[in-house]
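Being a predicted model, the structure only gives us computed values, none of them experimental. Heads up: numbering here begins at 1 and tracks the sequence.
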Amino acid sequence: MATDTETRPAQPDAERPGAIDAVPVRHPGRWVAIVVIAVLVAMLVHLLVTNKAFDWRFVFQAMNQQPVINGFIKGTLLVTVLSMIVGVAGGVLLAVMRLSDNPILAGVSWAFTWFFRSVPRYLLLFTMGTLGVLFPQGISFGVPFDWKLIDWLGLSGDWRFLNLDANQVFTGLAAGVIGLGLSEAAYMAEIARAGIMSVDKGQAEAAEALGMSSGKVMRRVVLPQAMRVIVPPTGNETIAMLKDTSLLLAVPVIGELFYQLQSIGSTYYKTFPIAVAATLYYLAATSVLMIGQYFLERHFGRGFGTNAPRAARPAGAGGA
């Protein structure tokens, strides 16, 4: 029996494809860019090392002062965490209200978001520090308009169970947390609303058809899937909040990082080294937050990446 090679006619050499002489694509612009960047980096390093205006010894001495460290822990990190807790919780609540079929709840959510997104944070914190003038008798919690009701009923006394000094509530770290938290809630409301709207409505309808309540559907079905959309901008908002703690000077908050560093700079008449010290603190804290954001995004983005799934191993294939 004749084989395939015997019956197939031989191809002439002229019809056979020749060797491909591949020439790599040249990118001269890349090398020019690399050279320019290298020169700029070398100039920057030379500036940082040789320019006496930086005064690195004074910078590190200022950074290691105990009031500065306490200001970084309490006035920067603690205020950031507390303000984001208030902002995230309030933002999710406002987002659910905004998506509600109740026009009153939706209107209140819109009005809150409109107001706190319109007012600059510095002005908001400055106003927060002066709100004590509105409540000279303190902030009372109890039955609304109790003095009117008591007067109509011919009684005496009051129906209040808690009275707070407004001058203490709207000063210091408490005022900073309230002001920054309310402002952040307005931004988080839009972020949470976008995340909730990114989840297919059919999933919520299917969960409700199984007998789950609306609240349980939101907690168990909608929000876990919406986190993939919510986490990246929330990470950016957290980093922005960390930097905005420097605005606590408007309250004012004495136990804050930038306030303490400015006090040292004013004492020794060294302004620029103090700015460098504050920059190093914020760079370190922001870098840690960026790493945490990366792992959160990877956790909540499982199954939505662009990486192709691994091919299944054939049966009987050995593992390494």
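The neighbour count for I104 CD1, taken as heavy atoms of other residues, nucleotides or ligands under 6.0 Å away, does not exceed 12. Counted within 6.0 Å of CZ on F112, heavy atoms from surrounding residues, nucleotides or ligands total more than 12; the atom is thus considered enclosed. The local environment of NE2 in H27 is crowded, with over 12 non-hydrogen atoms from other residues, nucleotides or ligands closer than 6.0 Å. Atom CG of L105 has more than 12 neighbouring heavy atoms from other residues, nucleotides or ligands inside a 6.0 Å radius.
Contact detail for I274 and G265: the closest heavy-atom pair is CG1-CA, 3.4 Å. Residues V221 and A207 approach most closely at CG2-CB, 3.9 Å, considering heavy atoms. A175 approaches M128 most closely through the heavy-atom pair O-CG, 3.6 Å. Minimum heavy-atom separation, A53 to N51: N-OD1, 2.9 Å.
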Considering only distance and modelled atom types, tabulate donor-acceptor pairs under 3.5 Å from the side chains of residues 183-197, sequence neighbours left out.
| unit_1 | atom_1 | unit_2 | atom_2 | d |
| --- | --- | --- | --- | --- |
| S183 | OG | R121 | NE | 2.9 |
| E184 | OE1 | R121 | NH2 | 2.7 |
| E190 | OE1 | R193 | NH2 | 2.8 |
| E190 | OE2 | R98 | NH1 | 3.2 |

Can you list, pair by pair, the side-chain donor-acceptor contacts under 3.5 Å of residues 69-86, counting residues two or more places apart and other chains?
| unit_1 | atom_1 | unit_2 | atom_2 | d |
| --- | --- | --- | --- | --- |
| N70 | OD1 | Q66 | NE2 | 3.1 |
| N70 | ND2 | Q66 | O | 3.3 |
| T80 | OG1 | T76 | O | 2.5 |
| S83 | OG | V79 | O | 2.7 |

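Atom CD of Q225 and atom CZ of R220 lie 14.0 Å apart (nearest 0.5 Å). To the nearest 0.5 Å, atoms OG1 (T127) and CG (L123) are separated by 4.0 Å. L173 contributes atom CG, which lies 10.5 Å from atom CG of L180 (distance to the nearest 0.5 angstrom). Atom CD of Q262 sits about 8.5 Å away from atom CD of E256, to the nearest 0.5 Å.
Under the 4.5 Å side-chain contact rule for hydrophobic residues, L94 and V108 share a cluster. I291 and V288 are assigned to two separate hydrophobic clusters, defined by single-linkage of ILVMFWY side chains at heavy-atom distances under 4.5 Å. Neither L99 nor V229 shares a network with the other; the hydrophobic side chains, linked directly or stepwise wherever heavy atoms of I, L, V, M, F, W or Y lie under 4.5 Å apart, form separate groups for each. A continuous path of hydrophobic side-chain contacts links L289 to L257 [ILVMFWY only; heavy atoms under 4.5 Å]. A single hydrophobic cluster is seen to contain both M63 and L242, as judged by linkage of ILVMFWY side chains at heavy-atom distances under 4.5 Å, directly or through other members.
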Notebook entry, point to check: Hey, mind stepping through Y259 and L248 against side-chain contact (heavy atoms from CB on, under 4.5 Å) and telling me if it holds?
Noted result: CA-CA 8 Å; Y259 186 96; L248 293 176; over 6 Å; no
Margin query: Under the criterion side-chain contact (heavy atoms from CB on, under 4.5 Å), I'd like the reasoning laid out for Q293 against T238: C-alpha separation, chi angles, the key distance, then a yes or no.
Written below: CA-CA 9 Å; Q293 178 182 353; T238 305; over 6 Å; no
Next item on the list: Run the numbers on Q260 and I264 for side-chain contact (heavy atoms from CB on, under 4.5 Å), then give the verdict.
Entry: CA-CA 6 Å; Q260 293 296 329; I264 296 175; 5.7 Å; no
Note to self: Show, in sequence, the C-alpha distance, side-chain angles and deciding distance for M241 and E237, and conclude whether the side-chain contact (heavy atoms from CB on, under 4.5 Å) test is met.
What the structure shows: CA-CA 6 Å; M241 179 63 70; E237 287 294 318; over 6 Å; no
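When side chains are defined from C-beta on, T279 does not count as touching Y282, because their heavy atoms never get closer than 4.5 Å. Between F258 and T245 there is no side-chain heavy-atom pair separated by less than 4.5 Å. Contact annotation: the side chain of L124 approaches that of F116 to within less than 4.5 Å [non-hydrogen atoms, C-beta and beyond]. Within the 4.5 Å cutoff, side-chain heavy atoms of Y281 are placed close to those of V68.
Judged by distance alone, the side chain of W56 and the main-chain N or O of L48 form a donor-acceptor pair under 3.5 Å.
Note: W114 and W110 have parallel aromatic rings, judged against thresholds of 30 and 60 degrees for the angle between ring planes.
Y268 pairs by the ring pair (Phe, Tyr, Trp, His ring centres under 6.0 Å) definition with F58, not counting sequence neighbours.
Judged purely by distance below 3.5 Å, without hydrogens or angles, the side chains of Q65 and Q61 never pair a donor atom with an acceptor atom.
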